Amino acid sequence: GRNLWVLVVGRFPKEHRIGIPEFKYVANMHGDETVGRELLLHLIDYLVTSDGKDPEITNLINSTRIHIMPSMNPDGFEAVKKPDCYYSIGRENYNQYDLNRNFPDAFEYNNVSRQPETVAVMKWLKTETFVLSANLHGGALVASYPFDNGVQATGALYSRSLTPDDDVFQYLAHTYASRNPNMKKGDECKNKMNFPNGVTNGYSWYPLQGGMQDYNYIWAQCFEITLELSCCKYPREEKLPSFWNNNKASLIEYIKQVHLGVKGQVFDQNGNPLPNVIVEVQDRKHICPYRTNKYGEYYLLLLPGSYIINITVPGYDPHLTKVIIPEKSQNFSALKKDILLPFQEQLDSIPVSNPSCPMIPLYRNLPDHSAATKPSLFLFLVSLLHIFFK
Ligand SMILES: *[C@@H]1O[C@H](CO)[C@@H](O)[C@H](O)[C@H]1NC(C)=O
Ligand SMILES: *[C@@H]1O[C@H](CO)[C@@H](O)[C@H](O)[C@H]1NC(C)=O
Ligand SMILES: *[C@@H]1O[C@H](CO)[C@@H](O)[C@H](O)[C@H]1NC(C)=O
Ligand SMILES: *[C@@H]1O[C@H](CO)[C@@H](O)[C@H](O)[C@H]1NC(C)=O
Ligand SMILES: [Zn+2]
């Protein structure tokens, strides 16, 4: 029955403004993984006290709307009796559900009872067009990127599961890991895990069903990675200042990445913004196509380079347009490109065919699920030892 609190930091925190991308951090969905929760509280303090003093933070706050949820599982956090580095009661919520196995899954039918925390987050994701996010955990030190689950078509036969945006995800994970002096070493925890440069594909590490990161990317148009921030899930209080020192630069730099790529609005000939138009990059087709929001806006996270953007109003021919994302730093704004479509119709006469992606089962549309081999030895070992991280 505890509330899930979100604090929004921005120049206009109470509402979306056109051109200002929405970013979020969520921590403590496993109640016994406490470092992220404390780091986010500290981050809030740091952002609001640096505003107007530190030019970089001021710029960030001027150009970004930052949503921070320090605890997604407050009941689990309160349930921890004896803080432990490896396993405590509070991982699950009050009903004993692991919230990072509780979301719809695109690759397998995830028949679980959707928990109030999960339902609340799914509703929250519908209220904004979140562009970039991270999900903070503990028990290991690594930046892990989607997918966490997969099929043959995503590379599961090779013990990995990659998105069409893999270059961007690797870049995002490296952006975080490379600024954290312990994470980037890749082998700092005494559990024999070795992650080159402190980065891994989620599925390669170990597959999981119903995770929040894949859900964000597939259904909420939001790129999310999973950050494992401490070898010990619930370290002693005295360690907190060193966790802040090791993560501060990464936390700030990661938020700035919401300004990668290209953004803009799609209009008809009369200058009316067009919602629900599919805006995708060629050769980066998402399972659920990414669409403009109610202001006709799109945000596409892309690395510097040349791309073809494919804009489709269902029932009409696609409109293709080329963009070149420059090499130089974007300076708190993605490349801005508005697009005019050759329509005269009024806004509400544009057909909207099935605006939300079918929930379940998407995996039936994907090739051969059963042929996927999972990296099962590690999974077997972690189940045996009851050690789960993400
Ligand atoms: C941030 O926004 C404030 C208020 O709109 C403005 O006065 C200030 O110049 C801006 N600062 C930066 C660094 O963009
Ligand atoms: C889902 O789980 C419920 C309860 O365990 C069960 O009754 C139901 O048959 C399951 N549905 C499917 C499609 O597996
Ligand atoms: C553009 O997108 C539409 C709808 O998603 C698709 O049918 C079409 O093949 C795409 N065209 C190109 C050239 O990528
Ligand atoms: C980025 O923006 C800031 C504030 O608007 C400005 O002072 C700075 O020169 C800009 N940097 C680049 C590389 O454009
Ligand atoms: Zn976790």
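Here the structure is a predicted model, which is why all the values come from computation and not from measurement. Note that ligands are numbered from 1 as they come in the structure, with each ligand's atoms numbered from 1 the same way.
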Would one find more than 12 heavy atoms of other residues, nucleotides or ligands at under 6.0 Å from atom CD1 of I89?
-> no

Is it true that W244 and Y46 have ring centroids separated by less than 6.0 Å?
-> yes

Please report, to 0.1 Å, the donor-acceptor pairs under 3.5 Å made by any side chain of residues 3-13, with sequence neighbours excluded.
from: R11; atom 1: NE; to: N62; atom 2: OD1; distance (Å): 2.5
from: R11; atom 1: NH1; to: D51; atom 2: OD2; distance (Å): 3.1
from: R11; atom 1: NH2; to: D51; atom 2: OD1; distance (Å): 2.9
from: R11; atom 1: NH2; to: N62; atom 2: OD1; distance (Å): 2.6

C231/C85 sulfur gamma separation below 2.5 Å | no

Quick one: does atom 5 (O) of ligand 3 have a protein heavy atom under 4.0 Å from it?
-> yes

Sidechain N-carboxylate O distance under 4.0 Å for D84, K233 | no

Does the distance from a Lys or Arg side-chain N to an Asp or Glu carboxylate O, for K24 and E224, drop under 4.0 Å?
-> yes

Taking only Lys NZ, Arg NE, NH1 and NH2, and the carboxylate oxygens of Asp or Glu, determine whether D165 and R284 approach each other closer than 4.0 Å.
-> yes

Quick one: nearest non-hydrogen protein atom to atom 13 (C) of ligand 3, plus distance?
-> Q282 NE2, 3.1 Å

Closest candidate by heavy atom, reference atom 10 (C) of ligand 3, pool N310, T312, V281 | N310

Heteroatom proximity flag, T58 to ligand 1, N/O under 3.5 Å | no

Is the closest side-chain donor-acceptor distance between E56 and T58 under 3.5 Å?
-> no

Heavy atoms of other groups near K239 NZ, more than 12 under 6.0 Å | no

Would you mind listing which atoms of ligand 1 come within a distance below 4.0 Å of any non-hydrogen atom of R11?
-> 2 (O)

In ligand 3, the atoms that come under 4.0 Å of a heavy atom of K285 are 5 (O)

Counting only protein N, O or S atoms (no waters) closer than 2.8 Å to the Zn ion (ligand 5) gives 5

